[in-house]
Amino acid sequence: MTAQTLLDDPLLDSLNDAQRAAVSAPCDHILVLAGAGSGKTRVLVHRIAWLAAHEGISVDRILAVTFTNKAAAQMRGRIESMLNTPSQRLWVGTFHGIAHRLLRLHWQQAGLPQSFQVIDGDDQLRLVRRILKNMNLDEERWPAKQAMWFINAQKEEGLRPQQIKSEGDLFTETHKRVYQQYEEVCQTGGLVDFAEILLRSYELWETQPDILQHYQQRFIHILVDEFQDTNRIQYRWLKILAGASSKLMIVGDDDQSIYSWRGAKAEHIRRFTQDFPSAQTIRLEQNYRSTSVILDAANAVISNNAQRLGKNLWTQGKKGEPITVYAGFNDRDEAAFIVRQIQQWVNQGGERRETAILYRSNAQSRVLEEALLDANMPYRVYGGLRFFERAEIKDALAYLRLIANYHDDSAFDRIVNTPARGIGDATLNALREYAHTYSVSLWQAAQQVCEPLTLPGQTLPGQTQTQETPANQILPKQILPTRAANALQNFLTLILDITSVTQNMALAEQTQYMLEKSGLLTHYRQDRSEKGLARVENLEELVNATHQFTPEFKDAHAQPLTEFLSHVSLESGELEAAEFSDCVQLMTLHSAKGLEFPVVFLSGMEEGLFPHAMSAQKLQQLEEERRLCYVGMTRAMTKLFLTYAEARRLNGREMWQRPSRFIEEIPEEFITKASIKTKIQRPVYTGSRSTHASHNASHHVSHNTNYKASYPDNNANHNSDHEQLPRGRRVRHPHFGEGVILDAEGSGEHMRVQVRFASGVKWLVVNYAKLTVL
DNA sequence: ATGATGATATTTTTT
DNA sequence: ATATCATCAT
C-alpha cells in the first residue's frame, strides 16, 4: 500500500495533519504529545481503526489502557461505533482492570487463592490500623494513614518488604515491618489492594516467562492514554509487556500532569523516548476547544514552568472575549458574583449545565452551594460519597466477602459484631491476639477458640486442617468466657448457615437472604430515622444491583459472587443520573481534567488556597499547582472567569490573602477586571446598582443568610406528588423546617431526595418524610 | 452498647 | 466551622 492511497482514506478525512500523521504512522513506537483539547482520544480511536483496516491487525491483538473507567468506557464506545461492531475481543480498560483480569485468569501462578478479593482504600486503612494495633504501635506516633501511604508507595516502586533497605532508619524499619505484617494478613485473607493488583501482575510476568510470552505475542499494539499519569510500576508493566517487538503508542501531556503527589511521573514521557529510541514524536498543538484569548493566557501561565517538554497550543478559532477577573470583598460576595454571571448566561439562552465552577479544595464548595441555593439555581457537586462506599453497603459486601472466603479478616472484622451480637472489644482483642500469635485468620482463630463446643473429631466446614491446633496447649475456656464463646460460635454458625443455604442461589437471592438472615436489614429497619430508612433503601438498591449484574467475561470457573465483588471494588462508578438535568457543575480542579465547558469559573484564586499553602514552598510542587491552573483554564471554551476574595472564612478563621500569583502571570491584554467591585458593605439597604439582575444580588450578602426567616410559610400546598421535586425546589419538613432539594435518586415509593435544611443536609425518603412543596 | 465529650486536623483522588 | 475519632461515662 502506498503512502498516497493511505492519505486518501476516509478515516483520515476529518483529521488535521498532525493527527493524521499519528493515526497513519508506520507500525512502530509513537509518542503523541497532545495538548489540552487537541483531540487525543480521537487520535487513539482512529489509530485503532486504522490498524484494523490497513495493517490487517485483528482487534484482539490490540490493548488500549486508560486510567479511569469512564475514559475506558468512552473509548470502547467510540471504537465500537467506528468499527461498527460490538467488539468484546478488544481489550480496553484501566491499568487496574486489565491487571485484575490477568490475576483472575492466572490466580494460581500469581500465588493467590481463586476467590481473592480486591479491597479499596477504606478497607486497606482499616486493615493497616488493625495491624498497627496488633504490633502495639502507638497511633499517635505511627499514624495508619502514613503507614498505608508508605506501603502503597513501596508497591508503586515495585518493592517488597525484603527489598527495602532501611539502613537503621527507625521510620523505614518500622514501616517495613508493618508492610511485612500487612502482606501476611492479605495473603492469608486472599486480599489484594489496588497497588497490589499492579505489582502482582507485574511479578506474574516477571516470574512466569511463558505467560509473559503469551501476552507479548498477543498484544502487538499497546495504546496508552494520559501517559503522564503513569507511576513507576505502571511504566514497568507496560515495558515488560511490550517486550522487544510490540509497539507502543503513548499519548500524554506533561503540562497536565497533576497527580505526581500520588506517584505519577511525567518524566516517563522523556524516559519513553530513551527506552524506545525508534519512537517517533508527534505533537498535537492545534486546540479545538478554547478561544485564542483563553489559550494564550493559559500558555502564558504555563510558560513559567521550567521543566517542560515544550509545546505551544494554538487555535484557528475566534479571539473571543477577554478573561474576567473579579475581586470579591469576601467569599460570599465572590460566590454571589459567580451566581449572577450564571444567571446572566442563562438569561441569554445558555444552559446551566454548560457552566462549571472549579475550586482547589472541596471545602470551598460550601459557600458556592449556599449562593446557588439562595438563587434557587440547581447544581451538582462531583466527588461525593459513592454508593458502594456507604457504610451499610460496605457492611453487606463484607458479609458477601466472608461467605466467599472465610479467611477474609478485613470482612470478618467489619461485621463480626454488626449488627451487635454481643461480641465486644474484649472478645475481639483476645481473638486478634490469638490469630496473631498462631498466624491464623480470625475465622480460624474463632473456630479454634470455640472448638470444645463442637464434638471431638468433628470438623466444621471452612476449617483448615493444615494449621496445628494449639487447643491442647491452652484451654479455650481460659481464652474466652463462655458467653463470649457462645456468641462467637453463633456468629460462625450464622455464616456457615448462610453459605450452605445460598450455595445454589442466584446472586440476588443470595444477597437478599444474607441481608435478612444476618440481621442487617432488621438492624437498619429499627432505626426509624430518615437515615435508617435511607440505609434500608440503599440495601434494597444493592439487591437491585446484584440483579442487574452480568459478569463481564465468562470464565468457566468464574464465581458470580467473586466477580460481583471485584466489579464493585474496581468500578465503584458514580451514578450518572443527574447528568441529564440542567445543573451548574461544581468540582475540584483535579476532577475537571478531561472535561470541557463553555463557561468556566476558577474560584478562590488566592495565595494559600491556589497555589495551596502546602504546595507553595517547593518549586516542584508549585509547578504542579501551575499545571493545575493550566488544566483549569483550558477547560473553558468561550468564557473564563477568575475570581478571588479579599477576605475568606477558612477553618473558622477570617483570612486575608493576596490574589494568586497565577493571575499576575496572565498578560494584562487578556484580562478585564469586573468593575462591580462591591461598595455594598451593608447591602441590606442597597438598591440595585449593578447593571444586572440586582434583586438577587442584594439580599444574599446579609450577614446571616437564614433560610427560615426569609420566606413566608403561607401557600404551603400539600401536594405530595413526587414528580414535584426537582433540584432547587423549596420544601418544608415538619421537623427540620424549610430546605432546598439538592439531589434525588430512585423513583416511586423508593424515591429519595437530598435536602439542605438550615440544620444540615439530609437524605429523605419521599414516601415517609412529610414534605410540603413551597 | 450507645451517646456525649473533647482533641485534632482540615489539598488534590482513581483504582 | 466542621468532621472525624478516641475515650469515657452511662
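Letters A, B, ... are given to chains in the order of the sequence lines, protein chains preceding strands, and every chain is numbered from 1.
- The side chain of A:Thr588 lies closest to B:dT12, out of C:dA6, B:dT12, B:dA1.
- For the residue pair A:Thr588/A:Ser591, the side-chain donor-acceptor check at 3.5 Å is satisfied.
- The distance from atom OH of A:Tyr259 to atom P of B:dT11 is 16 Å, rounded to the nearest whole Å.
- Between A:Arg366 and C:dA3, a side-chain N or O to OP1/OP2 separation shorter than 4.0 Å is present.
- Atoms CD (A:Gln146) and P (B:dT8) sit 17 Å apart, rounded to a whole Å.
- The side chain of A:Trp261 approaches B:dT12 more closely than any other nucleotide in the set C:dA1, B:dT12, B:dT11.
- Rounding to whole angstrom units, CG of residue A:Leu358 and P of B:dT11 are separated by 19 Å.
- When distances are taken from the side chain of A:Glu625 to each of B:dT11, C:dA3, B:dT10, the shortest belongs to B:dT11.
- Spacing between atom CD1 of A:Ile119 and atom P of B:dT15 amounts to 17 Å, rounded to whole angstrom units.
- Residue side chain A:His590 fails the stacking definition with respect to B:dT12, as its ring centre and the base's six-membered ring centre are not both under 5.5 angstrom apart and under 30 degrees in plane angle.
- Of the candidates B:dT14, C:dT2, B:dT11, B:dT14 carries the atom nearest the A:Thr68 side chain, counting heavy atoms from C-beta on.
- In this structure, A:Arg104 forms a cation-pi arrangement with A:Phe116, its terminal cationic atom sitting closer than 6.0 Å to the ring centre and no more than 45° off the ring axis.
- A:Tyr259 and A:Asn231 share no donor-acceptor pair across their side chains, judged by distance under 3.5 Å alone.
- Distance from the side chain of A:Ser615 is smallest for B:dT11 among the nucleotides B:dA1, B:dT13, B:dT11.
- Both the sub-6.0 Å distance and the 45° axial angle are satisfied by A:Arg101 relative to the ring of A:Trp91.
- Nucleic acid contact for A:Gly121: none, since no nucleic acid atom lies under 4.0 Å from a heavy atom of the residue.
- Residue contacts for A:Asn152: at a heavy-atom cut-off of 4.0 Å it reaches no nucleic acid atom on any strand shown.
- If you check C:dA1, B:dT11, C:dA3 against the side chain of A:Ser361, the one that comes closest is B:dT11.
- For the pair A:Arg380 and A:Tyr382, the distance from NZ or CZ to the six-membered ring centre is under 6.0 Å and the angle to the ring normal is within 45 degrees.
- The residue among A:Gly422 and A:Gln621 whose nearest nucleotide of DNA chain B lies closer to the 5′ end is A:Gly422.
- Heavy atoms of A:Arg653 sit nowhere under 4.0 angstrom from any nucleic acid atom.
- For A:Thr94, the listed nucleotide lying nearest its side chain is B:dT15; candidates were B:dT14, C:dT2, B:dT15.
- At the heavy-atom level, A:Asn362 lies under 4.0 Å from the strands shown only through sugar-phosphate atoms.
- A salt bridge is defined here as a Lys NZ or Arg NE, NH1 or NH2 lying under 4.0 Å from an Asp or Glu carboxylate O, and A:Asp408 with A:Arg401 meets this definition.
- No side-chain donor from either of A:Tyr630 and A:Gln256 sits under 3.5 Å from a side-chain acceptor of the other.
- For the pair A:Leu125 CG and C:dC5 P, the interatomic distance rounds to 9 Å; values are reported in whole Å.
- An OP1 or OP2 oxygen of B:dT15 is reached within less than 4.0 angstrom by a side-chain nitrogen or oxygen of A:Asn69.
- A:Leu628 places its CG atom 14 Å from the P atom of B:dT11, with the value rounded to the nearest Å.
- For the P atoms, the distance from B:dT13 to C:dT4 is 16 Å, rounded to whole Å.
- DNA chain B is contacted by both A:Ser591 and A:Asn417; A:Asn417 maps to the nucleotide lying nearer its 5′ end (nearest heavy atom per residue).
- Side chain of A:Arg129, nearest nucleotide from B:dT15, C:dA3, C:dA6: C:dA6.
- Rounded to an integer number of Å, the gap from CD of A:Gln364 to C1' of B:dT10 is 13 Å.
- One can place CE of A:Met655 at 15 Å from P of C:dA1, the figure rounded to the nearest angstrom.
- Distance noted for atom C1' between B:dT14 and C:dA3: 23 Å (whole Å).
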